[in-house]
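Throughout, protein chains are lettered first and strands after them, A, B, ... in sequence-line order, and every chain is numbered starting at 1. Just so it is clear, the structure is predicted and the values come from calculations on it, not from any experiment.
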Amino acid sequence: MIRVALLVAAKDLRVELRSRVLLWQVVPFGAMALLLSGLALGPARAGHSGAAPGLFFLVMLFVTLLTVARSRAIDARAGTRDSIATLGLDPGGVFLGKTVALTVELWVTGALLLAGTVVVLHANLAGTLAASGNVAVTLAALAAAGVLHGALSGPGDGSATLLPLLSLPAFAPLLIAGERAYSAALGHGALWAWGTISLVALVAYLALGILLYGVLDES
Amino acid sequence: MIRVALLVAAKDLRVELRSRVLLWQVVPFGAMALLLSGLALGPARAGHSGAAPGLFFLVMLFVTLLTVARSRAIDARAGTRDSIATLGLDPGGVFLGKTVALTVELWVTGALLLAGTVVVLHANLAGTLAASGNVAVTLAALAAAGVLHGALSGPGDGSATLLPLLSLPAFAPLLIAGERAYSAALGHGALWAWGTISLVALVAYLALGILLYGVLDES
Amino acid sequence: MSEFVASLNDALVVRSGFPLLSGVTLEVAPATLTLLTGPNGAGKTTLLQLLGGLVGLSGGSGQVCGVDLARDDRRALRRRVGWLGHDSSFYDDLSVRENLTFAAKALGRPLEDLAPALERVGLRDRSEVLARRLSAGQRRRLGLAWLLMRRPELWLLDEPYAALDEDGRRFLDGLFADVVAAGASIVVSAHDHLGATLGAVNTVHLVGGRVESRS
Amino acid sequence: MSEFVASLNDALVVRSGFPLLSGVTLEVAPATLTLLTGPNGAGKTTLLQLLGGLVGLSGGSGQVCGVDLARDDRRALRRRVGWLGHDSSFYDDLSVRENLTFAAKALGRPLEDLAPALERVGLRDRSEVLARRLSAGQRRRLGLAWLLMRRPELWLLDEPYAALDEDGRRFLDGLFADVVAAGASIVVSAHDHLGATLGAVNTVHLVGGRVESRS
Amino acid sequence: MTKTLLARLLGPLTLALLALTFGLGLWVTPPDQVQGNLVRLVYVHPALAWVALYVSFGTATIASVLYLWRRTRSATLDRIGACAMEVSVVFIALTLITGSLWGRPTWGVWWAWDARLTSTAILGVFALAYLALRRALDDDETRARRSAVFAIIAAINVPIIHFSVLWWKTLHQGATVFTANRTLLIHGSQAWTLLVSFVAFTLSFVWLLRARYRLEVTRDQSRQRDFNEALAQRRREGARP
Ligand code: HEM
Ligand SMILES: Nc1ncnc2c1ncn2[C@@H]1O[C@H](COP(=O)(O)OP(=O)(O)OP(=O)(O)O)[C@@H](O)[C@H]1O
Ligand SMILES: Nc1ncnc2c1ncn2[C@@H]1O[C@H](COP(=O)(O)OP(=O)(O)OP(=O)(O)O)[C@@H](O)[C@H]1O
Ligand SMILES: [Mg+2]
Ligand SMILES: [Mg+2]
């Protein structure tokens, strides 16, 4: 399983590197979304850092959805799907691999956006650093949930393209936990109480994915 | 041009109706995003309606991006593109048609989300109704900008899929104007001062689109 | 004005630094059938795309249906050719009939042409099926119906025989004969031999992005 | 255990209410070549997909390579067949070499097999080109190289001759002869006649989702 | 002859004027009553902003418009547009940096949600997006067209930035240097220094653009060599040994 996971992760990341979508498109998008959220909330509200964790995770959610859509698109074409299907890759491994690749992408984007949060939304630096471990865990969980729900959405071509968005409710606990933990870190609150939720969610989504990805990807 | 526009709009809307993505996926997504944004900002801040216009337009922006991506996907396959290209449709008409279809979709989603804003974020009803004309104009301008930038992103397959997101800056003035107008309506401020900006932007994007869509869609 | 429907002179097509066509000189006379042959990757598809205004000219010169490829707007050309690509596809979420209705309206053709076209390509009993559900050969037939709705001066077909059954091939042979008899020109790429019913055929053999021989 | 590589008994495949296969009974013996023919839309592609575990059985019974189609996991089957679809495609953003490397690693084959496979299908001088840039025939050849990396018991090919040039067809004929000689079985759909070099061929003629005749 | 002379003088002249600007700005002009020595940023920041917004972005936009116009279409214009946009990224960045440096002591923050600051930042993102777009497309013609259209759309932002101080109530300075009726508000050595700074930074733009353009030409030449090789190889294809 691990071998398959590494193979798939390497492939996804290579495609990603090749098309440079992450660097030139996802990251600027995130930065822009952060700026715009700040603006949309109005200068007065965006200025103080209370809103920063919420906005950060909201933007990361959109980044996740977009990146999942891309990660699906890589194997989406009908012809490609058949070719790959007959390789008979272990589905658990494919799930893990895709999750790893997505996690790496989210971490890169997240790190840059955290910096943006500090500079643009005036979140305090020490708190942000304290929260970063937890943010990393939450993003990994988001990635796992994203890949799982990407599979739910079917082939990814044509009519069902937007289905993963329906599974947004599954992201909600992650977002709330992440936001609370980050807020706690900024205000020196109980970081770890919320942090464990993210960790538990990560483990749960990974387990679910390894077990169920094959069933979802079957058809 | 008008004939082509109607033809294209009818086709896009029919495909949309057939796949029912709007009803089952975009609208729930919007509702969910609104709820989550409220949550992400924390109950205290989301409760009072000050944030409502900002959140509404932020969510509509994401809805626009998703819908544009879908609207592009309809003609995206390499084989389809060539078939359509040799019909020699007037590009200005295609642009208008796609914009009309997208506008209709955004209006439907927007109307539902406005209701959501009133119920969930406690925006006041009278103000929301007063703003609705302006919201409609702003959404139409968003649609025009969206179609234009969708074309910039190229065929929509493969590497350049996310590129329209980069043109987010072009949406920024619209978002700001929309948000301010809505806020003004809620607070009985100068609605029309901001409203004109949306109107001017709508006209500008339409003109640009009719002139330039052909150049973009050429290759 | 030249007397040719299409003529290319040392035409060059370059994409991302690679010369897909490395200098093609070619004339297509009115009311003729030109067959493009050549090994895989020789540039047949690219040449057809160039003639249809789907790719731009990067060097050399050429005119097709009176449109100067180097100078004029390619869009004007596209409207005048009939195109059947190697993997022609249509709106996957529209039915066969809806796809054809769209084409007819876009071309300003009467909708009455539609039923006979469906009948001729043998898709009458699939007219309400979504395009994405068609079999490979049925898709190709849909492409032919789409072509029948127009009356172009120049027909460009990329391996039209692939995926068609016996019956479809016979239909295509007949169609070609009709089209040439009516005075239009056809450029077609194929790996198989064309049907024997066809009259004179100009064969152009491409290799490595240029014309190696003709007959 | 039956002595057949694949056997279907009144197999039914239904999708969104439409019977793609309406009862197919078929046996594929080891070391044979089976040719599927039939008009467009007859169900050839669907039958191949069924044999490859790419669609599920909706009625009747069948076993392929010892896997019971009605009962067992289809995934187990997929790993044992070699598949070349009608529009086989690969990772568009990876080069020819990278695609093959991925397949080799996924199948646990040594990477040394790669260069000879590339050489045999004639893609050596395109090994660094992205898959999306290949011509139609070159894509098909990439599919063949992908197949050469495996040694399946059952080869399933959907119109493999389409888009291939003379040279490619000859190669394919040779390959088929080799595969059958080595004891594996082939099921192939085609509208053209197969090459004359091939020995005994079982022809199965499909019409309307069922077997009309065989020889 | 004159052309080469001018070209050769461009570099030294730019450097000399820049040096003059800093000399005048730092030592000759007096400190301000309210802002003290901070006022000296006025000889850098507005000139940088002027070059970023009007000179370089303007050059890119005009080149793009001309490229799209069928009669003046040429690879040279595409190249000029791209190079000008690259230079403009540099100037926008410098504007943002000097602005922030100025903002910290005067407003107390590095960054504020002010209309001019935000719209300037958005212009910067636009310029980066333009470069990203160019990288994402590998077909010359498509790239040229798309990026030209994009540049024109981005240019809409320039008047927005300019008028933002009037349309929105902002922290940022209104029109200080020139008022609407084109009268100079500041006088004496300050005015002269300001003028020199504008000329110096504009010249430095021309200098950078020229250098960048020449680099592009050299690159194109080597690309042409590669292409000739590829062409010969393509023609040899199929001629089997
Ligand atoms: C990051 C912060 C800042 C940014 C992005 C910024 C941006 C700009 C831009 C784009 C212009 C040119 C406007 C035009 O000509 O249409 C400009 C001009 C100017 N800025 Fe700033 N600025 C910033 C901070 C400051 C600060 C802190 C001050 C002084 C307190 C300042 C003083 C000026 C002055 C005096 C002008 C010339 C105004 C005129 O004559 O129109 N700026 N700035
Ligand atoms: N970036 C690139 N580098 C190298 N070769 C390229 C590149 N892009 C395209 N090619 C080559 O250009 C050629 C395209 O040819 P084209 O599709 O016109 O061939 P064709 O004659 O239609 O072939 P087929 O019979 O297989 O359909 C192919 O040989 C392809 O490998
Ligand atoms: N929902 C549906 N309604 C009606 N017919 C359908 C539907 N879905 C699929 N079909 C039909 O099922 C058949 C699928 O056949 P398949 O693709 O297996 O044909 P094939 O023998 O491979 O044909 P070809 O030679 O054209 O490749 C087609 O005739 C198609 O029109
Ligand atoms: Mg071809
Ligand atoms: Mg088939």
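- When heavy atoms are compared at a cutoff of 4.5 Å, C:R126 approaches chain D solely by way of its side chain, counted from C-beta outward.
- Side-chain contact check for D:W83 versus D:L54: some heavy-atom pair is nearer than 4.5 Å.
- When heavy atoms are compared at a cutoff of 4.5 Å, C:L134 does not approach chain D at all.
- The part of C:E159 that comes within reach of chain D is its side chain, from C-beta onward, which places non-hydrogen atoms under 4.5 angstrom from that chain.
- Of the atoms belonging to C:S16, it is side-chain heavy atoms, and not backbone ones, that fall under 4.5 Å from chain D.
- Your options are C:D87, C:L164, C:V129, and the one with the most heavy-atom pairs under 4.5 Å with chain D is C:L164.
- C:R15 does not touch chain D: none of its heavy atoms, backbone or side chain, sits under 4.5 Å away.
- For chain D, the nearby parts of C:A163 are the backbone and the side chain; heavy atoms of each come within less than 4.5 Å.
- Distance alone, capped at 3.5 Å, is enough to place a donor-acceptor pair between the D:R141 side chain and the D:V121 backbone.
- Partner of D:V204 under the side-chain contact (heavy atoms from CB on, under 4.5 Å) criterion, chosen from D:L35, D:V28, D:L36: D:L36.
- Contact tally against chain C (heavy-atom pairs below 4.5 Å) for D:R140, D:K44, D:H86: the top residue is D:H86.
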Would you sort out whether C:R120 and C:L175 count as a side-chain contact (heavy atoms from CB on, under 4.5 Å), showing the intermediate values?
CA-CA 10 Å; C:R120 278 184 76 189; C:L175 181 67; 3.8 Å; yes
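- For the pair C:L142 and C:L100, the minimum side-chain heavy-atom distance is below 4.5 Å.
- Within a 6.0 Å sphere centred on CZ of C:R214, other residues, nucleotides and ligands contribute more than 12 heavy atoms.
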